[in-house]
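Predicted model only: the values in this text are computed from it and were never measured.
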Amino acid sequence: MNKRTYVGLDVHARSVKGCAIDRETGEILRQSLAASDAGVTEWVSGLPGPVLAVYEAGPTGFGLARCLNAAGIECVVAAPSKLQRPSGDRVKTDARDAEHLARLALLGQITPVRVPGPRQEAARDLVRAREDVRADLMRARHRVSKLLLRHGLVYSGGHAWTDAHHTWLHRQRFDDPALQAAYEAGLETAELTLDRRNRLDAKITAMAATEPYAPVVRALMCLRGISVLTAFGLAVEIGDWTRFTGSTIGAYLGLVPSEHSSGASRSQGAITKAGNTHARRLLVEAAWHHRRPYSNPSREMRARWDAADEASRVRGHQGNHRLHHKWEQFEARHKRRVIADVAVARELAGWCWSLAAPVQQEQPWTDE
């Protein structure tokens, strides 16, 4: 309540609806604007200050928030899933959405999201591009294998998509020219997509070795199942680890159980799946690695420890023991493995936080 004017902005690709509420006079001012950061900033700058501007996180990105902050205007990007709306409100327009944001800001009911710097956002876009290519590669490979399966051809020489498997794929021939053309197109798509993924992997590996990512990446790699790609993905998706605690990061990633309790009854369901989908997938996949026995660390793990600081090495070794022990407990209770894996991933998130947060406290991230 220390601002005079609270501004709600409903931002779209081609238009912006603005609503400003003057706390002292109660006046409400509405404005239709073009989708121009400079134009919106000019209008907000002309309002009685100090001003707090709010808009929802969405596909338009964070450019407007950076522009407003650079002009000395405080701007908050709201988490859409946390916006409260009356259940009886069935009329939704851009103007009403802007006013709703302004009123929530006036009441202090906005849950903000972190606004990354341009360089950090670019690194995150690189990671998400790699994630998209990974999904494209999986679909392309499925198309090839299922086309062969429909014609009774199944590879039995070991693991699929190895060098030997690729040699076998290139030996397959069909009498029908149309079928042969379809098969060659599918195989070509899979191989070209693999090349795209490998190029992105090389770029990510090179960027992970630079500042400010390298210390956090080296610390996270002290845990089993977290390679350079996984560590860099977690680092850029979560960003500022110091804003969490060991118990809250699991909720941020949607790894905590949903709950519907009332009175004396307590009912928990599946995980909430809120928050960052990509980071959650990385942790769930990494958690499977802790099911294997952990007695003598491998040569690769010792090489990762040598690259990290001593505190991270000790903490990583403790985490590996603890996470494998959790797997043993779930196995002894005959817990379904998919459920056990998610529970281990939730604890793995806490161990990742305990490694990354101290590093970031010593070397805070900057976007220079």
Side-chain angles (χ1 to χ4, degrees), residues 57-63 113-145 159-163 165-166 186-241 249 252-255 273-289 300 304 307 341 345 348-349 352-353 355-356 359-360 365 367:
T60 56
F62 302 103
V113 301
R114 175 179 173 271
V115 178
R119 183 186 174 193
Q120 295 171 18
E121 188 176 13
R124 191 181 64 181
D125 289 339
L126 176 62
V127 168
R128 293 183 179 181
R130 198 269 181 189
E131 177 74 2
D132 293 338
V133 173
R134 181 197 67 84
D136 292 342
L137 178 61
M138 180 177 64
R139 285 191 289 266
R141 285 176 168 177
H142 281 177
R143 293 188 191 106
V144 172
S145 62
H159 293 290
W161 305 110
T162 59
D163 290 341
H165 185 215
H166 276 282
L187 184 58
E188 181 184 20
T189 300
E191 292 179 341
L192 291 176
T193 307
L194 178 61
D195 291 338
R196 286 166 51 205
R197 192 201 66 179
N198 292 339
R199 289 195 298 270
L200 290 174
D201 287 351
K203 289 184 180 296
I204 290 174
T205 302
M207 183 174 284
T210 63
E211 298 293 338
Y213 313 109
V216 174
V217 170
R218 287 195 295 263
L220 292 175
M221 289 174 63
C222 292
L223 293 168
R224 283 201 300 175
I226 299 183
S227 63
V228 61
L229 297 177
T230 302
F232 186 76
L234 291 172
V236 300
E237 289 289 351
I238 295 176
D240 184 10
W241 294 77
I249 191 168
Y252 169 75
L253 296 172
L255 289 168
K273 292 187 178 180
N276 194 298
T277 304
H278 183 209
R280 181 170 63 251
R281 185 190 68 79
L282 292 175
L283 288 169
V284 169
E285 288 189 355
W288 286 107
H289 291 261
E300 181 183 359
R304 295 180 185 177
D341 178 69
L348 175 60
C352 289
W353 170 85
L355 286 165
V359 172
Q360 280 195 330
W365 277 20
D367 203 57

Here the gap from Thr277 atom OG1 to Leu282 atom CG, rounded to the nearest 0.5 Å, amounts to 11.0 Å

Nearest heavy-atom approach of Arg280 to Gly254 is CD-O, 3.9 Å

Ala140 and Ala190 have their tightest heavy-atom pair at CB-CA, 3.9 Å

ask   = Side chains of Tyr213 and Gln120: does their closest heavy-atom pair fall under 4.5 Å?
value = yes

Interatomic distance, OG1@Thr210 vs CZ@Phe232, rounded to 0.5 Å, equals 7.0 Å

In terms of heavy-atom contacts, Ala279 and Leu253 come closest through CB-CD2, 3.7 Å

**Note, Arg130 side chain near Lys203 side chain (heavy atom, < 4.5 Å)** = no

Practice item. With the side chain counted from C-beta on, respond yes when Leu220 and Trp241 share a heavy-atom pair under 4.5 Å apart, and no when they do not. Key: yes

Shortest non-hydrogen pair, Val113 vs Ala57, comes out as CG2-CB, 4.2 Å

Between Asn276 and Ile238, is there a side-chain heavy-atom distance shorter than 4.5 Å? no

Within-4.5 Å side-chain heavy-atom neighbours: Arg134 and Glu131: yes

Here the pair of heavy atoms bringing Ala235 nearest to Val216 is CB-CG1, 4.0 Å

| query | So Val144 and Thr189, side chain to side chain contact (heavy atoms under 4.5 Å, CB included) or not? Walk me through it. | reply | CA-CA 9 Å; Val144 172; Thr189 300; over 6 Å; no

Min side-chain heavy-atom separation Thr230-Glu285 under 4.5 Å: no

Taking every heavy atom of Leu223 against every heavy atom of Cys352, the minimum-distance pair comes out as CD1-SG, 3.9 Å

- Query: Can you tell me if Arg304 uses its side chain to pair, donor with acceptor, with the backbone of Ile226 under 3.5 Å?
  - Reply: yes

- So do Val228 and Ile204 actually touch side chain to side chain, heavy atoms under 4.5 Å? no

Applied to residues 215-241, the salt bridge (charged side-chain N to carboxylate O under 4.0 Å, His left out) test, sequence neighbours excluded, yields Arg128-Glu237

To the nearest 0.5 Å, atom NE2 of His165 lies from atom OG of Ser145 at 7.5 Å

CG (Leu355) and CG (Leu234) are apart, to the nearest 0.5 Å, by 11.5 Å

Here the gap from Arg141 atom CZ to Thr193 atom OG1, rounded to the nearest 0.5 Å, amounts to 9.5 Å

Hey, does Gln360 have a side-chain heavy atom less than 4.5 Å from the side chain of Pro212? no

d(Leu283 CG, His278 NE2) to nearest 0.5 Å is 10.0 Å

